[in-house]
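Note that the structure is a prediction, hence the values are computed from the model and not measured. The chain is numbered in sequence order, starting from 1.
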Amino acid sequence: MKVEFINDAYTNDGLRLPMIHFESDKKDICVIFIHGMCQTILDNYFASVCGGLLSKNSIGFLYEHNRGHSIENDILMKDGFYKRCGCMYEIFEDCILDIDLAIEKSKELGYKKFILMGHSYGCNKLIYYYYKKHPNILGLVLASAPDMVGLQLLRQSDYEELINEAKNNIDKGNATKILSNLVEDYMYMSSQTYYNWFKKDLNLDNLPVMANSDNWFQFESIDIPILTFSGSEETDNYLHLDLLKDKAKNCNNFKYKIINKTNHFYVGKEKEVSSLIFEWINDLR
């Protein structure tokens, strides 16, 4: 198994996004992994285990560092300057540029077929990406796909106040101004990001399991195979996989599973998750 660090890839808007590539001896299928909110390519041990298993079985695995990594970061630009990014400043729709880059790099590496895999918030990005671009891929793997707006409504007691504050700052030309209160008691967030992410019925509100919304049209557009799973010890938001199956109206190959006795990061069940993904890919061949 060969693992390489890729540090020469730039998005169309000039951001350098590093990647880790678990190389396959056959350049046939590559799984492209999009991490979740505030994560990095050093997190998500289960992804590394998955990459190792797939690589040993002639399937490539590319784990991309997206612009929303960590709470706050400075990303090197192609022009030599840095751009302040991270969850504090990320705009959801920019995920298109990041995913485009990962697919482009996979093609440069010689792979012919692609599977997109997301974890947590990364799943919402893939749903939006597929809706907007309808790429020619084999399938989607959605690991612990969340209702981001529904969770925010549940967890943020001052939600309405923050939405109003964010909108007021944006209207006054202070879009990057940090909100006065922490988001979910741990994260500072800019006004533009909070409004972009958590305003009801905007693009990120594409899995409304809890939010009592009819905003399923992005998810309903998926017409390729889907594998989705969650850990049994996650909160209720992540466990309604039967509902996702019902809403996947154009998908005739939908598989889901609750992984017993594990959490949002599948601690202790990394090999089980990896085997589940590998077997699902084998069925697609």
Less than 4.5 Å apart, any side-chain heavy atom of [X] and any of [Y]?
| X | Y | result |
| --- | --- | --- |
| Glu161 | Asn181 | no |
| Leu182 | Met187 | no |
| Tyr188 | Ile71 | no |
| Glu72 | Tyr89 | yes |
| Thr262 | Val273 | no |
| Tyr256 | Ile226 | no |
| Arg285 | Ile29 | yes |
| Phe114 | Pro135 | no |

Item to check | Exercise: do Asn196 and Thr193 side chains pair donor with acceptor under 3.5 Å | outcome: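 Note: Asn196 and Thr193 side chains miss the donor-acceptor criterion.
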Checklist entry - Going by atom types only, do His69 and Asp43 share a side-chain donor-acceptor pair under 3.5 Å? => result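 Side-chain D/A pair, His69 to Asp43: absent.
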Can you measure from [atom1] ([X]) to [atom2] ([Y]) and round to the nearest 0.5 angstrom?
| X | Y | atom1 | atom2 | value |
| --- | --- | --- | --- | --- |
| Met117 | Cys30 | CE | SG | 12.5 Å |
| Leu140 | Ile34 | CG | CD1 | 11.0 Å |
| Lys247 | Ile222 | NZ | CD1 | 14.0 Å |
| Asp25 | Ser58 | CG | OG | 3.5 Å |
| Lys132 | Glu93 | NZ | CD | 8.5 Å |
| Leu54 | Ser275 | CG | OG | 9.5 Å |

Checklist entry - Do Asp246 and Trp216 pass the side-chain contact (heavy atoms from CB on, under 4.5 Å) test, and can you show the C-alpha distance, the side-chain angles, and the key distance before you say yes or no? => result CA-CA 11 Å; Asp246 289 342; Trp216 287 95; over 6 Å; no
Checklist entry - Which of these passes side chain to side chain contact (heavy atoms under 4.5 Å, CB included) with Arg155: Val183, Asp185, Thr235? => result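 Between Arg155 and the candidates, side chain to side chain contact (heavy atoms under 4.5 Å, CB included) is satisfied uniquely by Thr235.
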Smallest separation among heavy atoms of [X] and [Y], with atom names:
| X | Y | value |
| --- | --- | --- |
| Asn237 | Val209 | O-CG1, 4.1 Å |
| Met19 | Ala9 | CE-CB, 3.8 Å |
| Asn260 | Lys269 | O-NZ, 2.6 Å |
| Ser120 | His264 | OG-NE2, 3.0 Å |
| Lys83 | Asp13 | NZ-OD2, 4.5 Å |
| Ile170 | Gln192 | CD1-CA, 3.9 Å |

Checklist entry - Checking side-chain contact (heavy atoms from CB on, under 4.5 Å) for the pair Thr11/Asp100: CA distance, chi angles, key distance, verdict? => result CA-CA 8 Å; Thr11 62; Asp100 274 347; over 6 Å; no
Given 3.5 Å as the limit, does a donor-acceptor pair link the side chain of [X] with the main chain of [Y], or not?
| X | Y | result |
| --- | --- | --- |
| Ser55 | Gly52 | no |
| His35 | Asn66 | yes |
| Asn164 | Glu160 | yes |
| Lys261 | Ser232 | no |
| Gln156 | Glu184 | yes |
| Asn206 | Asn124 | yes |
| Glu64 | Ile32 | no |
| Glu220 | Gln218 | no |
| Lys177 | Ser191 | no |
| Asn253 | Pro225 | no |

More than 12 heavy atoms of other residues, nucleotides or ligands under 6.0 Å from [atom1] of [X]: is that the case?
| X | atom1 | value |
| --- | --- | --- |
| Phe254 | CZ | yes |
| Asn136 | CG | no |
| Phe81 | CZ | no |
| Asn282 | CG | yes |

Next on the checklist: Please determine whether a side-chain nitrogen of the Lys or Arg among Lys257 and Glu272 lies less than 4.0 Å from a carboxylate oxygen of the Asp or Glu.
Outcome noted: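 Salt bridge flag = yes for Glu272 with Lys257.
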Next on the checklist: Strictly below 4.0 Å, N to O, side chains only: are Glu104 and Lys107 in salt-bridge contact?
Outcome noted: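 Lys107 and Glu104: not salt-bridged.
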According to a hydrophobic-cluster definition based on side-chain heavy atoms being under 4.5 Å apart (Ile, Leu, Val, Met, Phe, Trp, Tyr only), do [X] and [Y] belong together?
| X | Y | result |
| --- | --- | --- |
| Ile96 | Ile224 | yes |
| Leu97 | Ile127 | no |
| Val49 | Leu227 | no |
| Leu153 | Met37 | yes |
| Val141 | Ile59 | yes |

Item to check | Verdict with reasoning, Tyr130 to Asp223, per side-chain hydrogen bond (donor to acceptor under 3.5 Å, both in side chains) | outcome: CA-CA 10 Å; Tyr130 193 83; Asp223 55 3; 2.5 Å; yes
Next on the checklist: Run the salt bridge (Lys or Arg N to Asp or Glu O under 4.0 Å) test on Lys125 and Asp98 for me, step by step, so that the C-alpha distance in whole Å, both residues' side-chain angles and the decisive distance to 0.1 Å come before the verdict.
Outcome noted: CA-CA 10 Å; Lys125 290 181 175 181; Asp98 299 352; 5.1 Å; no
Checklist entry - Does NZ or CZ of Lys78 lie under 6.0 Å from the centre of the six-membered ring of Tyr10, at an angle within 45° of the ring axis? => result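 Output yes; distance and angle both within limits.
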Item to check | Partner of Asp74 under salt bridge (Lys or Arg N to Asp or Glu O under 4.0 Å), chosen from Arg84, Arg67, Arg16 | outcome: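 Single salt bridge (Lys or Arg N to Asp or Glu O under 4.0 Å) partner of Asp74 among Arg84, Arg67, Arg16: Arg84.
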Checking ring pair (Phe, Tyr, Trp, His ring centres under 6.0 Å) against [X], which of [options] comes through?
| X | options | answer |
| --- | --- | --- |
| His119 | Phe265, Tyr63, Tyr238 | Phe265 |
| Trp197 | Tyr159, Phe92, Tyr121 | Tyr121 |
| His21 | Tyr111, Phe61, Phe5 | Tyr111 |

Next on the checklist: Going by side chain to side chain donor-acceptor pair (under 3.5 Å), Tyr266 matches just one of Ser144, Ser230, Ser274. Which one?
Outcome noted: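 Considering Ser144, Ser230, Ser274, a side chain to side chain donor-acceptor pair (under 3.5 Å) with Tyr266 is found only for Ser144.
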Next on the checklist: Using the side chain to side chain donor-acceptor pair (under 3.5 Å) definition, which of the options Lys167, Gln152, Lys199 pairs with Tyr194?
Outcome noted: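 Of the listed residues Lys167, Gln152, Lys199, the side chain to side chain donor-acceptor pair (under 3.5 Å) partner of Tyr194 is Gln152.
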